[in-house]
Amino acid sequence: MSAPQVSVVIPVYNEEAGLPALFDRLYRALDALAVAYEVIFVNDGSRDRSAALLREQFQRRPDVTRVVLFNANYGQHLAIIAGFERCRGERIVTLDADLQNPPEEIGKLLAAMDEGHDYVGGVRRTREDSWWRRIASKAMNRLRERLTRIRMTDQGCMLRAYSREIVDAVAASREVSTFIPALAYTFASSPTEVEVAHAERLAGESKYSLYKLIRLNFDLVTGFSLVPLQLFSMFGMAVSAIALVTYLYVMLYRLFFAEWQGALYLVWDRDILAFFLIGLLLFGLGLIGEYVGRIYQQVRERPRYTVRAVLEQPERPLRGGVQERDRERDRA
Ligand code: UDP
Ligand code: MG
């Protein structure tokens, strides 16, 4: 394989139904670009026939295909990192396997890089997802915009292109729970965005349950901002200050108007206020737990994922290279 200019990294988790169509459109689109490319599929511990399909595709196009096979499911973002750690291209494009990101749009991202940008984010023109996903995603984009320094229009769009330097920095970051578009953004010197099309999922269903989506958004917030913790300190200060002022008010009132029936008496309900504060305290405790849990995962320094096999052609035909390749295939 000559050094490719473009590496396309695709995480795959239980996508057997859509993979044949993806192979068909992706390779056709890349061939049409007339650049030296490689495609790196990372099988994220699929339990269906995805791994077998990827192996077949590797055998069909071994010159431009590489496959990393995880032994278990580690999540989309770690799968992309595994691709980043092995890709060889000068420019790296990420893409979902379900054809929601049309491969025909890759040329647009590369054109933006030709203009000198090192980070090109896709913005989905019309989003073809369920209404609750669209609303939740808008809210999260707004929240991220306020809590972090990361500026992007559509954080959920995985159709993006990065320079070699950015991808190296991401791979070197060694983060356990992360959000690639945001992490990469922190290393970009000239980020830009382009509008891209978005399609309905071709086959199968979304691999993100509501629970997984919430976890992912916690990764985004905790990974790039301490503002939530600071908000809690400030809220604590505000509550103490209000309590102090109220106390002074009540004392003075009692002193000067013995029969106190002030406005305060109308709105004061200690039980309800107590429940409200307890709820907030529990939320704050959980929030601290989110940060602490991630610190715990990070300091244990376990391997972030384990690779069962890599299917690839040896870079240069070595002596005995064929046998080596066969051994690799056998292991897979
Ligand atoms: N994916 C993955 N591991 C996971 C979940 C998802 O590799 O644990 C892959 C999935 O195969 C797809 C991409 O990540 O290529 C995006 O997933 P999906 O389309 O289900 O997410 P959605 O479009 O619903 O946000
Ligand atoms: Mg999808």
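What's counted below: heavy atoms across the whole structure, side chains too, no hydrogens, waters or symmetry copies. Just follow the structure's listing: the first ligand is 1, and inside any ligand the first atom is 1.
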Going through the checks in order, is the side-chain hydrogen bond (donor to acceptor under 3.5 Å, both in side chains) test met by Thr178 and His77?
-> CA-CA 7 Å; Thr178 198; His77 291 257; over 6 Å; no

Next on the checklist: Set out, in order, the CA-CA distance, both residues' side-chain angles and the distance that settles side-chain hydrogen bond (donor to acceptor under 3.5 Å, both in side chains) for Ser189 and Asp118, then state yes or no.
Outcome noted: CA-CA 7 Å; Ser189 51; Asp118 59 351; 2.9 Å; yes

### Task
Report the C-alpha separation of Glu193 and Thr153 in whole Å, then their side-chain angles, then the decisive distance to 0.1 Å, and conclude whether the side-chain hydrogen bond (donor to acceptor under 3.5 Å, both in side chains) test is met.
CA-CA 8 Å; Glu193 298 188 321; Thr153 312; 2.4 Å; yes

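With respect to Lys108 and Glu105, a salt bridge is recorded, a charged nitrogen being found less than 4.0 Å from a carboxylate O. Arg164 has no carboxylate O lying under 4.0 Å from a charged side-chain N of Glu90, or vice versa, which leaves the two without a salt bridge. At a threshold of 4.0 Å, the pair Glu128-Arg133 does not count as salt-bridged, since none of the basic side-chain nitrogens sits closer than that to a carboxylate oxygen. With respect to Glu205 and Arg201, no salt bridge is recorded, no charged nitrogen being found less than 4.0 Å from a carboxylate O. Asp219 and Arg215 are not joined by a salt bridge, as no carboxylate oxygen comes within less than 4.0 angstrom of a charged side-chain nitrogen.
The contact shell of ligand 1, taken as protein residues with any non-hydrogen atom closer than 4.0 angstrom, comprises Pro11, Val12, Tyr13, Glu15, Asp44, Asn73, Gly75, Gln76, Asp96, Ala97, Asp98, Gln100, Arg133, Arg201, Ser206, Lys207, Tyr208, Lys212.
Arg300 forms a cation-pi arrangement with Tyr296, by the criterion of a distance under 6.0 Å to the ring centre and an angle within 45° of the ring axis.
The tally of protein N/O/S atoms under 2.8 Å from the Mg ion (ligand 2) stands at 2.
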